[in-house]
Amino acid sequence: MAIIEFVQGIVDSGSLVEQESTYLSYTPILGSDNLYIGTITRNGEVTEPVFFVHVEKEKNSVHYLPYIFAENQSELFYNVPGLNKQLDIDYFTRQFPLLDIEINQSTIVYYGIKEKENTVNFIEYFYNDEEKIFEVEKTVNNSSIYEPFKIEIEKTAAYLRQNH
């Protein structure tokens, strides 16, 4: 009994909380059942929006379009996430259960831009349950693309080509 009380005391004190816990939180956009703003959450505090997020529960799929007004906008467009390290996977997927997304069968579609050419860069990731990482699909299936995000990333890439 003393051991259980000891463990309960540690849990209640918050000593087991990760010191630098950073992950995405998903805030619903009013008037939509499947659109969210993905915001960075550090140590329980929501800090800044970084993605528009579209969730397809029936396909167990989540789409990420970099938030156009983010402070680190170019980093979000040009640096595609690896999703092969647990910390990176946790950053994106920690709140998947709140979106009714099963990580072990999930797909992530990332809408980025190739930096040198300023052309669109669609990346589709499939979760490999055996390896516990997301793997990149070599070719993105057109049926996996969320058309409104495709249109927005194409406009952004065209703008960057003209102005750089």
Is it true that N60 and Q105 share a donor-acceptor pair across their side chains at a distance under 3.5 Å?
no
On a heavy-atom basis, the closest approach of R161 and T119 is NH1-CA, 3.9 Å
### Query
Taking the six-membered ring for Trp, are F52 and Y67 ring centroids under 6.0 Å apart?
yes
Original post:
More than 12 heavy atoms of other residues, nucleotides or ligands under 6.0 Å from CD of E48: is that the case?
Top reply: yes
Has Q73 got a side-chain atom pairing as donor or acceptor with I68's backbone, closer than 3.5 angstrom? yes
>> Are F134 and F92 an aromatic pair, judged by ring center distance below 6.0 Å?
In response: no
When rounded to the nearest 0.5 Å, the distance separating CG of N34 from CD1 of I29 is 9.5 Å
Minimal heavy-atom distance between Y111 and P66, with the atoms involved, is O-CD, 3.0 Å
* Sidechain N-carboxylate O distance under 4.0 Å for K155, E152 -> yes
Taken to the nearest 0.5 Å, the spacing of K150 NZ from H63 NE2 works out to 13.5 Å
Heavy-atom closest pair (E137 atom, F126 atom, distance to 0.1 Å) is OE1-CE1, 3.2 Å
Answer yes or no: is there a donor N or O on one side and an acceptor on the other, between the side chain of T47 and the main chain of I40, under 3.5 Å? yes
- Task: Answer yes if L24 and L87 sit in the same cluster of Ile, Leu, Val, Met, Phe, Trp and Tyr residues linked by side chain heavy atoms under 4.5 Å apart, and no otherwise.
- Result: no
Counting only heavy atoms from other residues, nucleotides and ligands, does the tally under 6.0 Å from CD of E45 exceed 12? no
query = Does atom CG of N104 have more than 12 heavy-atom neighbours, drawn from other residues, nucleotides or ligands, at distances under 6.0 Å?
reply = yes
### Message
If hydrophobic clusters are built from ILVMFWY residues whose side chains come within less than 4.5 Å, do V62 and V109 share one?
### Response
no
Q | Side-chain donor/acceptor of Y146 to backbone N/O of L65, under 3.5 Å | A | no
On a heavy-atom basis, the closest approach of D90 and Y23 is O-CB, 4.1 Å
Exactly one of F149, F51, F122 clears ring-ring contact (aromatic ring centres under 6.0 Å, His included) with Y110, and that residue is F51
_Assigning hydrophobic clusters by single linkage (Ile, Leu, Val, Met, Phe, Trp, Tyr; side-chain heavy-atom cutoff under 4.5 Å), is I113 placed with V120?_
yes
